[in-house]
Amino acid sequence: PADWTQYAIDTPTIEGLKKADREGYTTAFHRARTMTACPIGKGGTCCKICNMGPCRVLPPKGKDETPEERKKRTGLCGATPETIAARNFARMVAAGAAAHSDHGRHVAHTFLHAAKGELPDYQIKDIPKLFAIAMDYDIPTEGREIKDIAIDVGKRALQQYGQQDGEILNVKRAPLKRQEIWKQEGVIPAGIDRPVVEVMHMTHMGVNQEMEHIIRLATKCSLADGWGGSMIATDLSDILYGTPVPILGKVNLGCMKEDTVNIIVHGHEPSLSEIIVQAVQDPEMIAYAKSKGATGGISLGGICCTSNEILMRHGIPVAGNYLQQEIAVITGALEAIVVDVQCVMQGLAELAKCFHTQVVTTSPIAKMQGAYKHYSYDERYGLETAKAIVKDAIDNFPNRDKNKVSIPTEQQDMVVGFSHETISYMLGGMFRASYRPLNDNIINGRVRGLAGIVGCGNARVKNDYLHVELAKELIKNDVLVLTTGCSAIALGKAGLLTPEASKYCGAGLAEVCETVGIPPCLHMGSCVDNSRILMAATAVVRDGGLGDDISDLPAVGCAPEWMSEKAVSIGQYFVASGVYVLFGVGFPTINEDVCTNYLFKDIEKTYGGRWDFVEKDPYEMAKRIIAQIDAKRKALGIDK
Ligand code: MSK
């Protein structure tokens, strides 16, 4: 068996993996130790878009080839390595953008039908945000019924998916200078779906064969995600389910209890999990659980971003992040894992067979071989479906094998719920909501800069380690961290989402955090909520003193343990929005120099943002991030 302390920092994960070894279960951690990633595909130089291939064009660097010899290699059709690398990169962007945007479409669809009064279990919750978004969408509000405004907002949001001409609406929220750059480059998407289709078309065999142009269209696609589908997902979820405000939450597998029916929701879309939150609180359900021997009632927890959604809005505990999904099953105390879309491992179904755990799939687009049950979730029957799932889990409680149960006790407090609106209220006060106090602290140097640490866990590296060490190193150097997704959960487990974490900070950041009463790492939500970071950056520009574009800010982005295609789309929309973005673990084009040089260097001349890559050294990551922040400070003239 492996020494799991080399592959995870979190005690429940390490203990779960040891238990897997003892009892013969297999997880992604185990598979990562026995399967090697293909170095050609991983570096972006395998082309498999036609049936003459796959052409494995470039071997990994370090083989006995001169750069000249490498340049001469092509695919069977003559496609150059940089075209192939760019096409592969673009397809990752398109897949990521499609996932986020389809999530947004689903939210908009639910929103519209809820607004029409067709979904009895859903009501509009945040009226002020409804008015704000209506204004952004040019929808009149004066003298109109809330219902009519909401219907128009829902229709307008959905209309942007199929729009063929013009511009998606949210781009006009960006700083004016940024919009000009995008206009000049021709990368403002007309609609949300079209650039995804365009990327799939232009990367089909024999279409776009010019590296920079491929990246340009991939950029447009990524903007359709960040400023389009993801932003719609965030905004409409806020209006429908409530905009997050700071709330106390808990994280880690200790949320599961020996005397309760344990249910975990996992995935990304909040529509069903919002209703499951209601179902598990129903006194009849709790009484039913008790009647089956679960004397403590029902415990609900979450994994990945579905979890972040209900954590931020209801304080429902987080069981873990991406790589804890299998560990949760291995506790032997999980009655049901209810999954929707994205980041759900197929290995769950096989592992669940070793226990009594029910894997319940719920999205019309996501079934799983071997799952216990599938619901093609229909919001018209929200509570009815949620109750059926919860009842099934309760009925499953007596099937729990006590001999297999080992529930970790670890649980860490955290303060979450920092929507960009909330941050401005906390900084500027209720009636003068503003980022200016933050800007002033950046100008006076108490806060050196801002870093978004986001993204997944990756079984190829020590789980959570890069997130946590990087964040600690940054806050030690007075960099305020904004975090989302599984990164936020990793930082939560490490205790960095509490005001007490100011003890890890440099003196300047500690003073600011203590004065405002915030943790040095701010949990801003799920993967689609990276759009909140875009809005926060835009608000910092708007409130003055730090230049007139996002690219002027001492602000960076980092996904140290990314694994999902969505991360590539997120990274590209941040680069296109003017941000330096650093990836760990691997970079999609790294085996090919021309495209990689373009993404790491030349693209900065156009957008003011660029990519960078450090395999797995969090201190080197921090060094580069801080150097970038310092260079921006110098350019602003706030550091001599
Ligand atoms: S869930 S995309 S593993 S962050 Fe949003 Fe986590 Fe990455 Fe999925």
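Source: prediction; values computed, not measured. These values consider heavy atoms only, across backbone and side chains, with no hydrogens, waters or symmetry-generated copies. Start at 1 and go down the list; that is how both ligands and their atoms are numbered.
Ring orientation note: the planes of F89 and W611 are nearly perpendicular, at an angle over 60° on the 30°/60° scale. The aromatic rings of H268 and H103 stand perpendicular to each other, their planes meeting at an angle above 60°, with 30° marking the opposite boundary.
Checking D21 against H30 by side-chain atom types alone, a donor-acceptor pair falls below 3.5 Å.
Listed by atom number, the atoms of ligand 1 under 4.0 Å from G455 heavy atoms are 4 (S). Set against the non-hydrogen atoms of S564, the atoms of ligand 1 under 4.0 Å away are 2 (S). For ligand 1, the atoms lying closer than 4.0 Å to a non-hydrogen atom of C304 are 1 (S).
At least one heavy atom of K566 sits less than 4.0 Å from an atom of ligand 1. Not a single heavy atom of S526 sits closer than 4.0 Å to an atom of ligand 1.
Contact annotation: C305 places an N, O or S atom under 2.8 Å from atom 5 (Fe) of ligand 1. Atom 5 (Fe) of ligand 1 lies under 2.8 Å from an N, O or S atom belonging to H268. Residue C343: no N/O/S atom is found under 2.8 Å from atom 6 (Fe) of ligand 1.
Only the side chain of M563 comes within 4.0 Å of ligand 1, judged by heavy-atom distances.
Cation-pi check for K462 over Y7 is not met; the charged atom does not lie both under 6.0 angstrom from the ring centroid and within 45 degrees of its normal.
Protein heavy atom at the shortest distance from atom 6 (Fe) of ligand 1 is C486 SG, 2.3 Å. Looking from atom 7 (Fe) of ligand 1 to the surrounding protein, the closest heavy atom is C456 SG, 2.4 Å.
Panel note: side chain S487, backbone T484; no donor-acceptor pair is recorded below 3.5 Å.
Considering only heavy atoms from C-beta on, M368 comes within 4.5 Å of V344 through its side chain.
Within a 6.0 Å radius of CD in Q346, no more than 12 heavy atoms belonging to other residues, nucleotides or ligands are found.
Looking at E565 and R91, no side-chain N of the basic residue comes within less than 4.0 Å of a carboxylate O on the acidic one, giving no salt bridge.
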